[in-house]
Asker: 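Encoded as C-alpha cells, here's the structure I'll be asking about.
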Amino acid sequence: MIKYLKEYRFYITLFFFLLIPIVAIDTATRRERDYRIYDRAILAVTSPLQSAITWTLDQLVSGFQNYIFLWNTRRDNLALLEENRKLLNSIASLRETQHENTRLRKMLQFQEKFRLDTVLARVIAKDVSTEFRAIRINRGESSGIHKDMAVVTNEGVVGRVMRTTKNTSDIVTILDLLSAVDAIVERSRARGIVEGMTDDVCQLKFALRTDDIEPGDVLISSGLGGIFPKGVPVGAVSKVKRKPFGITQEVEIRPSVDFSKLEEVLVVTRTLTDV
Amino acid sequence: MFKLILRILNPVVFFFMVVAGVAVQTSLFALYPLNYLQPDIILLAVIWCALRRNFIEGGILTLVFANVAEIHTSAPQGLFLCCYMAVYLGLRAASRFFIIPSISSLIIATLCSSILWKFSYVTVLHLLGAGAQQWRHMLMFLFPGAVMEGILGVWVFKAMERFDWITFKNEKARQMLEDELQLDGEGL
C-alpha cells in the first residue's frame, strides 16, 4: 500500500490540489464565505496593519498639505513665517474639523430623519481584487455590528455587512457584483433590483419594459428584504435602453454615494420598525 | 542545527510576509488613483511557489495564500482557490518546457501569469453567472495590472531570492547545508 502511495504520489497530490478548489467553490449559492477561526487569526494580523497604514497615509497627506501652505507663506513674507505657520496650521486643522463636522452633521440629520440607531465607522481598507468592491470598516461585533446590517451615509445606501470580527466589519457595497438591493423609482414607483456593475455604475434589473423610467429619476430603497430602511436614496438613472421587444428594459444607475471619496459610514443597528 | 531551524521557518515567515503584503495592498492601494494600479501580492507569491518550491509544498502554500485572499474579498467562495491553483499548475507545467533561470525571465512569467490569472478569474466568474459585465472591466485593468506586477516583481523576487538564501531554501544554499551536514556526520 505504502509502495503504491509512493509510486503515485504526484498524481494523488495533483488530484487533491484540483479537488480542494472545486469542492470549495459554492456553485449553488455563489455566496461569500464566513470567517473561520484561522481566518480570524489572519485578520488579527492584517487589520491592525491596515489601520496603521491608513493612519500613516492620513498623517502624510495632512503633513504634505501643511508644508505646501508653509512654503507659500515663506515666499510671501519671511518675517511673518512663524506666525503664519501657526495660523495656517490652525486654519487647516479647523477647516478639516469643519468639513468633518459638516459631514457628521449631515449624517446626524439623516439618522434623525429616518429614525435609526446607527454606529459611525471609518473605512480602513478596500477589496483585494479590482472586480469586487467590498470595504472594511473599523467597527465590529464589539460595537454591536452584526451580519446583514444596512450601511448608509447621508448621501444614500452604501451596502450591507457581509461578515464581522470583534473590531472590524466587511461591507459588500452596492457596486459589488454580488450585491442586490430592492429599489423603487421615486416618481413612477417602478420596481427593480439594483445590482453592481462597474466601479461607478449599477444596473436596475427586472424593471418591466412598460415601466415609466427616465434618465434623472431617483431610486430609493423599497424596504423589502428587511435590511435597508425604506426611502433611502440608492442612485439616479443615468441611461435607459428600451428594446422594441422583450420583457425588461436595461437601466443604468449612478449611485448616490460617491464611493471614491467614502471616508465614514453609518451602520444601521436598529430601525424604527424593529422597535 | 540553527540553519536547519531557519530552513523549517521559511514557509512560516513567507506566510506572514504575504499576509503583511496583502494588508499593504488593500490599504495603501485603496486610495485613488493607486487603486487602478493595484498589484496582486498573492499572485507574486504563487508564482514564486510554482517556480522555487517543490510540488507539494508549493501547492499547499498556494491553497493557504488563496485562502488569505478569500478573507479579504467579497468574491464567491472558492473562486480564488480555483484561479490561483490554475496559475500554479499552469506555471509548473510551463516550467517543464521553458527554463526560467533569471529575474528577467521570471518577470516575463509574471506578466503571462497575470494575464492568465485575469482570464481564468473572469472565466470562472462567467461560469458562476456573475461575470457577464466583467469582460470590459477586466480588459481595462489587464495590462496596467500585469505591468504593475512585473515592476513590483523585480523587487519582490530579488528579496525572495535573498530570503531563500538566508533561510537555506535556495538550491545552492541547500546543497551547501547538506554537504556541511554530511561532513559533520562523517566527523570531519
Side-chain angles (χ1 to χ4, degrees), chain A residues 9-10 13-14 16-18 20-27 29-33 35-36 38-40 42-43 45-54 57 123-136 162-163 170-173 176-179 195-199 203 260-261, chain B residues 15-16 19-20 22-32 35-36 38 40-42 55-56 59-60 62-64 66-86 88-89 118 121-122 124-125 127-134 136-138 140-141 145:
Chain A
R9 192 174 61 174
F10 174 78
T13 317
L14 180 64
F16 278 108
F17 282 168
L18 290 170
I20 291 167
I22 292 166
V23 169
I25 205 156
D26 192 345
T27 49
T29 60
R30 293 186 298 160
R31 280 189 70 83
E32 62 278 350
R33 53 181 286 190
Y35 290 132
R36 293 160 195 149
Y38 49 88
D39 293 341
R40 286 172 189 272
I42 294 168
L43 277 173
V45 178
T46 55
S47 302
L49 266 174
Q50 288 170 331
S51 298
I53 291 165
T54 309
L57 283 171
V123 178
I124 57 166
K126 289 192 178 174
D127 203 297
V128 72
S129 82
T130 50
E131 274 74 19
F132 290 89
R133 291 154 194 109
I135 53 173
R136 182 165 293 158
M162 180 169 71
R163 54 199 169 197
D170 286 356
I171 313 299
V172 56
T173 64
D176 196 281
L177 287 175
L178 301 178
S179 160
E195 288 189 359
M197 203 157 88
T198 65
D199 280 339
Q203 57 183 334
S260 65
K261 291 177 183 136
Chain B
F15 167 75
F16 280 108
V19 167
V22 170
V24 173
Q25 181 192 331
T26 50
S27 48
L28 181 65
F29 287 90
L31 297 173
Y32 175 83
N35 55 344
Y36 287 100
Q38 194 181 113
D40 190 342
I41 299 292
I42 291 175
F55 185 62
I56 296 173
I60 291 167
T62 299
L63 291 174
V64 172
N67 183 60
V68 172
E70 290 220 334
I71 59 171
H72 287 87
T73 182
S74 62
Q77 193 172 324
L79 173 70
F80 283 109
L81 285 169
C82 282
C83 297
Y84 283 119
M85 190 46 79
Y88 174 75
L89 294 175
K118 286 270 181 188
Y121 184 76
V122 178
V124 177
L125 262 183
L127 291 172
L128 289 173
Q133 308 289 339
Q134 288 305 299
R136 202 176 70 181
H137 185 262
M138 184 272 287
M140 205 169 82
F141 280 92

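Order of the sequence lines sets the chain letters (A, B, ...), proteins ahead of strands, with each chain counted from 1. Side chains are part of it too, since the values below use all heavy atoms of this structure and drop only hydrogens, waters and symmetry mates.
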Asker: Please look at A:Arg133 and chain B and tell me whether the side chain, the backbone, both or neither of the residue comes under 4.5 angstrom of a heavy atom of that chain.
Answerer: both

Asker: With a 4.5 angstrom heavy-atom cut-off, which part of B:Leu89 approaches chain A: side chain, backbone, both or neither?
Answerer: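 Only the side chain of B:Leu89 comes within 4.5 Å of chain A.
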
Asker: If I compare all heavy atoms of A:Leu43 with all of B:His72, which pair ends up nearest, and what's the gap?
Answerer: CD2-NE2, 4.0 Å

Asker: Between A:Ile42 and B:Phe15, is any pair of side-chain heavy atoms under 4.5 Å apart?
Answerer: yes

Asker: Report the option among A:Leu57, A:Val45, A:Ile20 that has the most heavy-atom pairs separated by less than 4.5 Å from atoms of chain B.
Answerer: A:Leu57

Asker: At a 4.5 Å cut-off on heavy atoms, which part of B:Tyr84 comes close to chain A: side chain, backbone, both, or neither?
Answerer: neither

Asker: Return the orientation label for the B:Phe55 and A:Phe10 ring planes: parallel under 30°, perpendicular over 60°, tilted otherwise.
Answerer: tilted

Asker: Which heavy atom in A:Arg36 sits nearest to a heavy atom in B:Asn67, and how many Å separate them?
Answerer: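 Closest pair (atom of A:Arg36, atom of B:Asn67, distance): NH1-OD1, 4.5 Å.
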
Asker: What are the two closest heavy atoms between A:Gln50 and B:Thr26, and how far apart are they?
Answerer: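 Closest heavy-atom pair between A:Gln50 and B:Thr26: NE2-OG1, 2.6 Å.
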
Asker: Could you tell me which portion of A:Ile135 (side chain, backbone, both or neither) has an atom closer than 4.5 angstrom to a non-hydrogen atom of chain B?
Answerer: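 For A:Ile135, there is no contact with chain B at all, as no heavy atom is under 4.5 Å.
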
Asker: Taking all non-hydrogen atoms of both residues into account, name the closest pair between B:Ala75 and A:Leu178 and its distance.
Answerer: C-CD1, 4.4 Å

Asker: Heavy-atom distance under 4.5 Å to chain A: side chain of B:Phe16, backbone, both or neither?
Answerer: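 Only the side chain of B:Phe16 comes within 4.5 Å of chain A.
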
Asker: Which atoms form the tightest heavy-atom contact between A:Phe132 and B:Leu79, and what is the distance?
Answerer: CE1-CD2, 4.0 Å

Asker: Nearest 0.5 Å please: distance from the CG atom of A:Asp127 over to the OG atom of B:Ser74.
Answerer: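 Going from the CG atom of A:Asp127 to the OG atom of B:Ser74 covers 4.5 Å.
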
Asker: Please walk me through it: do A:Arg9 and B:Ile56 pass side-chain contact (heavy atoms from CB on, under 4.5 Å)?
Answerer: CA-CA 10 Å; A:Arg9 192 174 61 174; B:Ile56 296 173; 4.3 Å; yes

Asker: Tell me, for B:Leu63 versus chain A, whether the close heavy atoms (under 4.5 Å) come from the side chain, the backbone, both or neither.
Answerer: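 For B:Leu63, the contact with chain A is made by the side chain alone.
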
Asker: Give me the atom names and distance for the closest heavy-atom approach of B:Ile60 to A:Phe17.
Answerer: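 That closest heavy-atom pairing would be N-CZ, 3.7 Å.
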
Asker: Apply the test side-chain contact (heavy atoms from CB on, under 4.5 Å) to residues B:Val24 and A:Ile53: give CA-CA distance (whole Å), side-chain angles for both, the deciding distance (0.1 Å), then the verdict.
Answerer: CA-CA 7 Å; B:Val24 173; A:Ile53 291 165; 3.6 Å; yes

Asker: With a 4.5 angstrom heavy-atom cut-off, is it the side chain or the backbone of B:Val124 that approaches chain A, or both, or neither?
Answerer: side chain

Asker: To the nearest 0.5 Å, what is the distance between OG1 (A:Thr46) and CD (B:Gln25)?
Answerer: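 One finds 12.0 Å between OG1 of A:Thr46 and CD of B:Gln25.
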
